[in-house]
Amino acid sequence: MSTPTRPPNIAVLPGDGIGTEVLEQGLRVLGAIAPDVTTEHFDFGAERYLRDGTTLPDSALDRFRNEFDCIYLGALGDPRVPSNVHAKDILLGSRFKLDLYINFRPVRLLDARYCPLKDKRPEDVDFVVFRENTEGLYTGIGGQFKRDTADEIAIEQEINTRKGVERIIRAAFQWAHENGKTRVCMSDKANAMRHGHDLWQRVFRSVANEYPGIKPSHLYVDVLTMRMVQTPEDFEVIVTNNLFGDIVTDLGAAIQGGIGLAASGNLHPGKVGLYEPVHGSAPDIAGRGIANPFAAILTVGMMLGQLGRPADERRIGDAVGRCLIAGRVTRELGGNLTSSEAGSAVLDAMSA
Ligand code: IPM
Ligand code: MN
């Protein structure tokens, strides 16, 4: 006898700036394609922080762990909060405390017209980046000495654990294996960073040996950025550390047509994942209803894919692709749609 399972439950954190605007459109698409899914909104973000100092309480993290299948986040960042401490607490806090070690960022060109690279077609720009998400240069370990003096020293430690390096590299190979890919490229800077990145090299070689059907390759990160621009067709899966992954996925977003089209998932198989557009809160255009909701909508697709509904993910991706081809896009892509018109365009394309 099968045990009855409840429908997926999603924690929604619109956050700041355009995060709230794009999530509204993502939720319209979610409601249309997966009406059984339940959601609960959380108000963590700049407003809440400025009101009562709350960033992300442990009690909320406990609820995410125990009661939800996914977290759907808009964006965090507000000019009123000095150095955006709330954003760091909420975003990096959930990545670290929920141990979401995979930052999964697909780079997929849906229509050639939006690619800034000459003569590249959708089949040329189609790879995924596995960004390590729980260590590297992001842990905040370090310190300052003689602050605000001419002799100041500031140290930022890069953390590379064997366990951390191994699990992200294995995730990249495993995903390649399960998705019919035959190439995994690891990127580091082992020619200059002799300790931590030597660990990446050794672990990469040993995990690669477990996947004889997959061709491992390596590029120093400076060369990787060049190749992503010149020959993006060389890549199927890229695996790299936290900071390099941050940088190369913005480059990836640019070559797939812009940051308004890039979706991401912060994942740990078997645990609640956090899904978000790669873009930020864009305070310069916030409140005007013109932000591109496609990344947030594609993020809904990714979430549904991870929830075991790959057909819904494909349907959303196809619908966004059709909007792009038809030029039904927001202003930064050369169209004239508002965020909500762009959301409606996707809904139309889904039912067409
Ligand atoms: C991202 C963002 C974050 C990061 C910032 C807001 C800390 O740029 O998700 O790519 O660097 O990870
Ligand atoms: Mn980033």
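Just so you know, ligand 1 is whichever comes first in the structure, and atom 1 is the first atom listed for that ligand.
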Report yes if the side chains of [X] and [Y] come closer than 4.5 Å at any heavy-atom pair, otherwise no.
X: Leu73; Y: Thr299; value: no
X: Val329; Y: Asn292; value: no
X: Leu347; Y: Val29; value: yes

Qualifying residue for side chain to side chain contact (heavy atoms under 4.5 Å, CB included) with Ile71, from Phe42, Tyr275, Phe64:
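When Phe42, Tyr275, Phe64 are each tested with Ile71, the side chain to side chain contact (heavy atoms under 4.5 Å, CB included) holds only for Phe64.
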What is the nearest protein non-hydrogen atom to atom 11 (O) of ligand 1, stated with its residue, atom name and distance?
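Going by distance alone, atom 11 (O) of ligand 1 is nearest to Tyr138 OH, 2.5 Å.
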Against heavy atoms of Arg131, which atoms of ligand 1 measure under 4.0 Å?
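Those atoms are 1 (C), 4 (C), 10 (O), 11 (O), 12 (O).
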So, at under 2.8 Å, which protein N, O or S atoms would a careful student list around the Mn ion (ligand 2)?
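Within the sphere that stays under 2.8 Å of the Mn ion (ligand 2), the protein atoms of type N, O or S are Asp246 OD1.
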With a 4.0 Å cut-off on heavy atoms, is [X] touching ligand 1?
X: Asp246; value: yes
X: Arg95; value: yes
X: His279; value: no

Could you tell me if Arg205 sits above the aromatic ring of Tyr211, with its cationic atom closer than 6.0 Å to the ring centre and no more than 45 degrees from the axis?
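No, Arg205 and Tyr211 do not form such a contact.
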If you apply the rule salt bridge (Lys or Arg N to Asp or Glu O under 4.0 Å), what do you find for Glu341 with Arg328, and how did you get there?
CA-CA 9 Å; Glu341 288 166 345; Arg328 302 188 71 188; over 6 Å; no
Would you tell me which option among Leu91, Ile90, Leu73 has the nearest heavy-atom contact to atom 5 (C) of ligand 1?
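Selected option, by shortest heavy-atom distance: Leu91.
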Would you check if there is a donor-acceptor pair between the side chains of Thr149 and Asp151 at a distance under 3.5 Å?
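Not at all, the side chains of Asp151 and Thr149 share no donor-acceptor pair under 3.5 Å.
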Cut-off 3.5 Å, side chains only: do Asp246 and Tyr138 have a donor facing an acceptor?
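Per modelled atom types, Asp246 and Tyr138 side chains form a pair under 3.5 Å.
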